[in-house]
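We number each residue from 1, following the sequence as shown. Computed over heavy atoms, backbone and side chain alike; hydrogens, waters and symmetry mates excluded. One-based numbering, in listed order, for ligands and for the atoms of each. Owing to the predicted nature of the structure, the values given are computational and were not obtained by experimental measurement.
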Amino acid sequence: MVKIAPSILSADFCQLGKDIQAISTADWVHVDVMDGMFVPNITIGVPVLQSIRKHTDMFLDTHLMVEKPGRFVAPFVKAGADLLTVHLEADMPPAIQAALEEMDTLGVKKGIALRPITAAEAVLPYLEKGLDLILVMTVEPGFGGQAFMEHQLPKIAAIRSYIEKYCPGCHLEVDGGINAQTGKQCVDAGADVLVAGSAVYGAADIPAAIAALRGDLKG
Ligand code: DX5
Ligand code: ZN
């Protein structure tokens, strides 16, 4: 069953509570945390996630686009994140591994994310140790509303085969330029979690947009 995770990056931050309520038919809330260093944009941080947590019981899928993300594992867990995803490019491998181990210790689900340039094989050392999610970026991280990179599809398929071999049950999420059509391409390649920002919040009818992402995938 495919999960839909609308990205609140495309929400109106002045009415965030209302905009989160509007996606209650989705599965997860995707929270994009950016530090202005790992990516050229600054979004939201720990206090905002804490407020979101008070407002909803939905699963908070937290995508950390920050340098040296290990610094923020404990604060985001304390604030109420359900899953933390760290970018492999954001620190040296031992530090990424240590961040994942801290997630285990603190009882939060753990994921790794890959920029478009990072090869599928990069997930292997982490996947063999166990992961809850791998996130394949289908745009350059930093901004919503960009065009889907079709050349990421073979990478999605390769990672799906690694997951089946080494860690069945690990989710495979895609993020960037996802709509009903590109989402279907990703699911056909092996993805099972679709992040969508502008395709959900840019729609006149948000529940219908979520249903389209889901419904087109059923046939
Ligand atoms: C981009 C973020 C995405 C973004 C997706 O760096 O990670 O989650 O919000 O937005 P769309 O769906 O508009 O490409
Ligand atoms: Zn994201």
>> Tell me whether D27 is salt-bridged to R214, with the criterion being a basic N under 4.0 Å from an acidic carboxylate O.
In response: yes
>> Out of all atoms in ligand 1, which are within 4.0 Å of some heavy atom of M65? Include the element for each.
In response: 6 (O), 7 (O)
> Do T138 side-chain atoms and G176 backbone N/O form a donor-acceptor pair below 3.5 Å?
Replying inline: yes
> Which of the atoms in ligand 1, numbered in the order shown and given with their element, are less than 4.0 Å from a heavy-atom of P141?
Replying inline: 6 (O)
> Considering distance alone, does some N or O of S10 sit under 3.5 Å from an N or O of ligand 1?
Replying inline: no
>> Show the atoms of ligand 1 that are less than 4.0 angstrom away from any heavy atom in M34.
In response: 6 (O)
> Does F38 offer a backbone N or O that forms a donor-acceptor pair with the side chain of D35 under 3.5 Å?
Replying inline: yes
>> Parallel, tilted or perpendicular: which one describes the rings of F76 and F72, with boundaries at 30° and 60°?
In response: perpendicular
> In D175, which N, O or S atom comes closest to the Zn ion (ligand 2)?
Replying inline: OD2
> Are D82 and R53 close enough for a salt bridge, meaning some N to O gap below 4.0 Å?
Replying inline: yes
>> Minimum distance, heavy atoms only, to atom 7 (O) of ligand 1: which one of V39, D175, T182 is it?
In response: D175
>> Please identify which of these residues, R115, E67, H63, meets the side-chain hydrogen bond (donor to acceptor under 3.5 Å, both in side chains) condition with H87.
In response: H63
>> To make sure I understand the geometry: which N, O or S atom in D32 is closest to the Zn ion (ligand 2)?
In response: OD1
>> Under a 3.5 Å distance rule, please check whether T182 uses its side chain to pair with a backbone N or O of F148 as donor and acceptor.
In response: no
> Can an N or O of G177 be found at a distance shorter than 3.5 Å from an N or O of ligand 1?
Replying inline: yes
> Given the rule in the side chain to side chain contact (heavy atoms under 4.5 Å, CB included) test, do L64 and T85 qualify, once you have shown the distances and angles that lead to the verdict?
Replying inline: CA-CA 6 Å; L64 299 181; T85 300; over 6 Å; no
>> To check your reading of the site, what angle at the Zn ion (ligand 2) do NE2 of H30 and ND1 of H63 form, to 10°?
In response: 100°
> Are K3 and D192 ion-paired here, with the side-chain N under 4.0 Å from a carboxylate O?
Replying inline: no
>> How far is atom 1 (C) of ligand 1 from the closest protein heavy atom, and which atom is that?
In response: F143 O, 3.7 Å
> Which residue supplies the protein heavy atom nearest to atom 6 (O) of ligand 1, what is that atom called, and how far is it?
Replying inline: G142 N, 2.7 Å
>> Does the residue F148 have a heavy-atom contact with ligand 1, meaning some pair of atoms that are separated by less than 4.0 Å?
In response: no
>> I'd like to know whether ligand 1 has V195 as a neighbour, heavy-atom separation below 4.0 Å.
In response: yes
>> If you measure every N or O of G197 against every N or O of ligand 1, does any of those distances drop under 3.5 Å?
In response: yes
> Near M137, which atoms of ligand 1 are under 4.0 Å from a heavy atom of that residue?
Replying inline: 6 (O), 7 (O)
> Any donor-acceptor pair under 3.5 Å linking the side chain of K109 with the backbone of D61?
Replying inline: no
> Is the closest heavy atom of A199 to ligand 1 under 4.0 Å?
Replying inline: no
>> Only heavy atoms of H30, strictly under 4.0 Å: list the atoms of ligand 1 that pass.
In response: 8 (O)
> Counting only heavy atoms, which portion of S7 has something under 4.0 Å from ligand 1: side chain, backbone, both, or neither?
Replying inline: side chain
>> Q21 vs K18, test: side chain to side chain donor-acceptor pair (under 3.5 Å). Steps then yes/no.
In response: CA-CA 5 Å; Q21 239 160 16; K18 197 170 153 231; over 6 Å; no
> Under 4.5 Å between any side-chain heavy atoms of Y201 and S7, yes or no?
Replying inline: no
>> Would Q146 count as being in polar contact with ligand 1, using the rule that some N or O on each side must be under 3.5 angstrom apart?
In response: no
> So H30 and D32, side chain to side chain donor-acceptor pair (under 3.5 Å) or not? Walk me through it.
Replying inline: CA-CA 6 Å; H30 185 80; D32 285 307; 3.0 Å; yes
>> Need the ligand 1 atom indices (1-based, order shown) with element for anything under 4.0 Å from a heavy-atom of H63.
In response: 7 (O)
> Does CG in D12 sit with more than 12 non-hydrogen atoms of other residues, nucleotides or ligands closer than 6.0 Å?
Replying inline: yes
> For ligand 1, which atoms have a heavy atom of S198 less than 4.0 angstrom away?
Replying inline: 11 (P), 12 (O), 13 (O)
>> Starting from atom 10 (O) of ligand 1, what is the nearest protein heavy atom, named by residue and atom, and what distance separates them?
In response: G144 CA, 3.5 Å
>> Counting only nitrogen or oxygen atoms and a 3.5 angstrom limit, does G145 reach ligand 1?
In response: yes
>> Suppose I only count heavy atoms of A196 and a 4.0 Å limit; which atoms of ligand 1 are within that range?
In response: 12 (O)
